Amino acid sequence: MELATQYNPQEAEKNHYEHWETSGFFAPEINENPDAPKYSIVIPPPNVTGSLHMGHALQHTLMDVLVRRKRMQGFKTLWLPGTDHAGISVQRKVAEQLRRDENKTPLDVGREEFIRRAWKWKEEYGNTITQQMRREGASVDWSRHRFTMDEDLSKAVREVFCTLFEEGWIYRGLRIVNWCPKDKTVLSDLEVKEETRKDGKLTYLQYPVKQTAETRALARVPKTITVATTRPETMLGDTAVAVNPNDERYKDLIGQMIALPLTNREIPIIADEYVDSEFGTGAVKITPAHDPNDYQVGERHNLPQLLVMNDDATMNENAGEEFVGLDRFEARKKVVAKFEELGLLEKIEDYEISLPVCERCKTIVEPILSEQWFVKMDELRDLALDLIKTEGAPHFHPQIPNEKVYTTWLENLKDWTISRQLWWGHQIPAWYDNEGNIFVARTFEEAAKQAGTDELTQDNDVLDTWFSSGLWAFSTFGWTGENSGQWTVDSGRNKIQPTTDHRPPTTDLEVFCPTDVLVTGRDIIFLWVSRMMMLTKKFVDKKAFDDVIITGTVLGKDGKPMSKSRGNGVDPIEMFDKFGVDATRIYLASIATGADIKWNDTLIETYRNFANKIWNATRFCLMNSEGAQVDYTFINPKAEVREIKRLIGDELIDDFDEEDEEFLDKVEPEFAKDNPKENLSIADKWIISRLNRTARDVNRALDRYFYHEAVRLLYQFFWNDFCDWYIELVKDEITSETVNTTRDAARSRILTILEQALRLLHPFMPYLTEELWQKLPGVNANLHNPAYRSAEQTIMLADFPLGDASLIDERAESEMQTIIELISKVRNIRAEMRIKTSEKLDIHIAADSATNKIFAENEAQILKLARAKELYLSESLNVPKASAKGVLTGGTEIAVPLEGLIDFEKERERLESQINNLSSEGEKLNKQLSNESFVQKAPPEKVEALRERVAEIETQLNALNQNLNALM
RNA sequence: AGUCAGUUAGCUCAGUGGUAGAGCACUACCUUGACACGGUAGGGGUCAGCAGUUCAAAUCUGCUACUGACUACCA
């Protein structure tokens, strides 16, 4: 089998996804183990209007890594996908389509037709993102895909709304709300963003105080009172002027009336603590219908609420004849002009102001008095607060600062405005009779029954999209009874089984809820995370999830958040095309959890190169795979015992002792001691140790959601240990032309190690690893986790290596380290003395017998990798003066005779620089050791380690100094 | 205004009470039978500044500077 010299990601990406999907590998039902623990994640449903951006790619990668690993570990794993109906976004797209194609407005076609078209739009364009997710390799269970407006999810919405209403947590009320004049709907506080404008103006208006007998008597009373405002047009809706009760300047004015200019209304001057005497003029115009603070002042003083704007932010008839129909900004100019005409414009100051804008359309939001539906958050907030305070749920990763942000926000939570003046969404299940009485019910029929009439009109508004999203952690699992999955539960052991037997059925809800972890961005901790926690607790009495991973933001190359307007976006699909899906995924996983990162193509290139390295290492193994196959017993003698067990059959297992060697010899003599499987070299033991250590550490890292740590470990193991050293060390043996069992065992061994590495890499790089795994000789469904034995062979279901602690071999690692150090030292001498690669050298070594034994056992590899022709081992050096010398850890001395090649000056410099480095380190350490309080207070093992290091340095210095003197 | 985070090699970023790390870039050498998207050997950092705690601080604490995020208010 011949592979191309370069990995072509597109090819591998084409080959596998569809097969994985259609084979049912993504669905939890693939798991045959009735006792399997479950693992579940629900995806944050992207907007149907959306297309994949880097934030999705990041989050999806993190979720897929978790899910793929757990699945390989034999968990009954479900990653549930879905999309969100995205109220305003879809509404806008469909309205735009209507305008463009037919020059019509939504009102022209009517509600029913509009909704029909919205569904059509969704069917046509709404699956962009689901296709893109397939490209990403996301192992979601498409058969359980949910849309927030699916019938059962809509039913869940109605159920929750009605229950909350019945319990008194939902109410309809007249409040100051955030109004977007462009979308013509109310927005929740969270959908409003602040935008700072430097060109704001603060306008000072003079209001004439009405002259009465009383005011005339009080000579000190001024003729006017000046108020400052950033929104002069709202003065048309003023119903009072307020001052601080303690403000001496205005004491006499309290209770007086003002003749409000441009209107023929008179308004009172009132006193309220809310007013800050220090700010502006200390007198504030009060417009209860257009400002939240003024509204509250108005409530306290029983002021009238005069709404002067329409829903498109033009002025209404209350604003007066002169202003009616004018846009708010036109009206603003006109008000100012009129005041100027009247001589009542005191001044206009430049003023930096932050304006509330609509998160989506950036239109300036108008605070406006309006009747809306609200959720009173008291009880729900307490549910979430209790969970975090008593159970620490959800546990945030990274914990700081997210947990604090979450808790603080909950503590200051205000009521949630849930109605939206849109057509696309869940229409509010409330009906009105002709008298305006409200009937909230799950269906029209119920409402009619309550009302005693069917002459009812349903509320025109729909619910905030986040209302249905808040139910996502349980509504998607068939909470309403539909689409609830086919599981039965063994009540005795409380284990889950997909069966058709007659035990009582249970649902996806019982199996998969609560979910294990939620992966999402900082921006929706409040909008979504908190609400899922509250509502899931409230309605199914469970935590929505145990853990929340808050991802960082992928910034553009300029270090700013990616945005269309800035044009600094990086399209993940382009990255997939350019570098491959796997490279993009593992790069995204290499970002520290929660950290922001500036996009940088060269880093992704690193992982493109890594993919190519994996490809080529596999290519090498395959080129030399004749007579060999993947077989775990080649890298684990104990596994051989298990293999024997498998061969001799299950019935003997019970009285079988793995340590009983006699028994082994008895049952299967061909597996006995001298077989090449057990005849492992230092290099073999070392790589097996490194493999198992890496596997163990990767699992530990992922358990803590330290993806970047896992990536680092895998990168290092594969590139530095496996490719740079192991392949090079065993190359001669493996490529040998001589056919024998030793060669074939070596070939099987390297194939098996590679196969284990591919499994470890699979969650990060699914396409590459599947592509290569399938090509390895000897792979089959027996390598699967036992939960998937009947499934067709795929690396997706292979058992994820946990790392066998008994195969971590400290001694082999340290012996190998000695060999690596020797080879590196010789290479260093060669490079520094500028000896050509083609020049073969001799190596003389003076070491203790144990070390010499290690070198002797690996002579062939040392000669090859150091490009040497002869290795002389003894206990002391006896070499010509014309030699380059060095010292290894432990005091082993090496010398490379360089007759005719040595540059004595250079060698002197080389030795001197090494001596300098070592002495300055030694000095530092000695100083520390001579510090009494260090020796007394530092942990003994630290002191001991330091002493050892000093001794080591002294040994090396001695040798180096002798070598230097010999040169003089 | 408040809260929080970041500031480490030329660049992008890991690390974290006990002698500073990676990738890229850089220098020199290498068409060594998997890979030049490669190999070998190197150079490069008083870990933003100041003060404190400690035997020991890049790591903990405080302050300062710069950058960024979030929350609230601004008549």
Side-chain angles (χ1 to χ4, degrees), chain A residues 3 5-7 194 200 202-203 227-231 234 241-242 274-276 279-287 291 293-294 297 351-354 398 400-402 404-405 408-409 412 522-523 525-526 553 555 557 559-561 579 583 590-592 594-603 605-624 708-709 711-712 715-716 723-724 727-728 731 735 823-824 827-832 834-838 864-865 867 920-922 924-925 928 931-939 941-943 945-946 949 953:
Chain A
L3 267 61
T5 58
Q6 276 195 3
Y7 171 51
E194 295 292 318
L202 190 58
T203 308
V227 296
T229 179
T230 54
R231 294 190 293 154
T234 60
V241 167
Y274 155 71
V275 180
D276 175 4
F279 190 88
T281 61
V284 186
K285 59 190 273 314
I286 299 296
T287 324
D291 183 281
N293 292 309
D294 292 6
V297 175
Y351 185 67
E352 186 179 314
I353 189 172
S354 66
I400 297 170
N402 297 313
K404 190 180 167 190
V405 168
T408 313
W409 181 78
N412 300 308
R522 271 190 287 265
D523 49 337
I525 293 178
F526 308 139
T553 312
L555 306 169
K557 290 176 179 124
K560 300 269 166 56
F579 301 108
S590 78
I591 299 167
D596 290 351
I597 189 141
K598 241 182 261 187
W599 188 262
N600 186 337
D601 273 3
T602 64
L603 280 171
E605 252 176 76
T606 301
Y607 293 101
R608 191 262 324 257
N609 297 350
F610 184 46
N612 195 52
K613 190 78 178 175
I614 297 166
W615 176 267
N616 273 293
T618 307
R619 182 165 168 259
F620 170 77
C621 294
L622 288 174
M623 283 166 69
N624 301 289
H708 58 301
E709 177 72 6
V711 171
R712 210 201 82 232
Y715 186 94
Q716 243 172 36
C723 293
D724 290 349
I727 289 185
E728 296 305 327
K731 196 172 252 177
T735 55
I823 294 168
S824 302
R827 285 169 170 174
N828 172 275
I829 288 171
R830 182 191 290 280
E832 293 200 352
R834 301 192 184 280
I835 314 285
K836 275 192 244 154
T837 322
S838 52
K864 179 179 156 74
L865 298 186
R867 308 202 134 255
S920 65
E921 190 193 336
K924 229 161 81 182
L925 297 186
Q928 210 176 332
N931 180 342
E932 261 178 53
S933 29
F934 169 72
V935 180
Q936 277 169 15
K937 295 187 181 174
E941 65 271 18
K942 299 281 181 199
V943 179
L946 220 68
R949 179 64 189 152
I953 287 168

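These numbers were taken from a predicted model, which means no experiment stands behind them.
Checking A51(B) for Watson-Crick or G-U wobble geometry (two distances, each under 3.5 Å) identifies U61(B) as its partner. For U27(B), the paired nucleotide is A41(B), the pair qualifying as Watson-Crick or G-U wobble because both relevant distances are below 3.5 Å. Using the Watson-Crick or G-U wobble rule with both distances under 3.5 Å, G68(B) pairs with C4(B). The nucleotide A34(B) finds no pairing partner, because no Watson-Crick or G-U wobble arrangement with both distances shorter than 3.5 Å includes it.
Comparing the P positions of C30(B) and U12(B) gives a spacing of 33 Å, expressed to the nearest Å. Rounded to a whole angstrom, the distance from the C1' atom of A36(B) to that of G43(B) is 22 Å. Nucleotides G15(B) and G39(B) are separated by 28 Å at their C1' atoms, to the nearest Å. When the C1' atom is used for both U31(B) and C26(B), the distance is 23 Å, rounded to whole Å.
Without hydrogens or angle criteria, Arg830(A) side chain to Arg867(A) main chain gives a donor-acceptor distance under 3.5 Å. Checked by atom type and distance alone, the side chain of Thr229(A) pairs as donor or acceptor with a backbone atom of Arg231(A) at under 3.5 Å. Side-chain atoms of Arg608(A) never come within 3.5 Å of backbone atoms of Ala583(A) as a donor-acceptor pair (strictly under, hydrogens ignored).
Taking the six-membered ring for Trp, Phe610(A) and Tyr715(A) have ring centres closer than 6.0 Å.
Phosphate proximity of A41(B) to Ser824(A): present, with a side-chain N or O under 4.0 Å from OP1 or OP2. For His708(A), no side-chain nitrogen or oxygen approaches OP1 or OP2 of A22(B) to under 4.0 Å. Dashed line: the shortest gap from a side-chain N or O of Lys731(A) to OP1 or OP2 of A34(B) is under 4.0 Å. At C24(B), none of the side-chain N or O atoms of Asn600(A) fall inside 4.0 Å of OP1 or OP2 (strictly under the cut-off). Regarding contacts with the backbone of A56(B), every side-chain N or O of Asn931(A) stays at 4.0 angstrom or more from both OP1 and OP2.
For Ile597(A), taking side-chain heavy atoms from C-beta onward, the closest of the listed nucleotides G39(B), A41(B), C13(B) is C13(B). Side-chain atoms of Lys613(A) lie closest to G38(B) of the nucleotides G18(B), G23(B), G38(B). Comparing C73(B), C37(B), G18(B) against the side chain of Asn609(A) picks out C37(B) as the nearest. Of the candidates G33(B), G18(B), C73(B), the closest approach to any side-chain atom of Asn293(A) belongs to C73(B). For Ala592(A), the listed nucleotide lying nearest its side chain is A14(B); candidates were G39(B), C37(B), A14(B). The side chain of Asn612(A) has C35(B) as its nearest neighbour among A41(B), C35(B), G18(B). Here the nucleotide nearest the side chain of Lys942(A), chosen from C35(B), G23(B), G18(B), is G18(B). Listed nucleotides U19(B), C30(B), C35(B) differ in distance to Thr837(A); the shortest reach to its side chain belongs to C30(B). Side-chain proximity of Leu603(A) to U40(B), G23(B), G42(B): nearest is G23(B). Distances were taken from every side-chain heavy atom of Tyr715(A) (C-beta onward) to each of U71(B), G23(B), A41(B); the shortest belongs to G23(B).
In this structure, Glu941(A) places its CD atom where more than 12 heavy-atom neighbours from other residues, nucleotides or ligands lie under 6.0 Å away.
Side-chain N/O atoms of Glu728(A) and base N/O atoms of A34(B) include a donor-acceptor pair closer than 3.5 Å. Not a single donor-acceptor contact under 3.5 angstrom links the side-chain atoms of Arg830(A) to the base of U40(B). Contact annotation: side chain of Arg619(A) to base of C35(B), donor-acceptor pair absent below 3.5 Å.
Thr408(A) comes within contact range of no nucleotide atom at all, as no heavy-atom separation falls under 4.0 Å. Lys404(A) comes within 4.0 angstrom of sugar-phosphate atoms only, judged by non-hydrogen atoms across all strands, and of no base. Residue Cys723(A) is in base contact, counting any heavy-atom pair closer than 4.0 Å across all strands shown. Arg608(A) comes within 4.0 angstrom of a base, heavy atoms only.
Of all heavy-atom pairs spanning Asn616(A) and Thr5(A), the tightest one is ND2-O, 3.1 Å.
Under 4.0 Å is where a charged nitrogen must lie from a carboxylate oxygen, and between Lys924(A) and Glu921(A) no such pair does.
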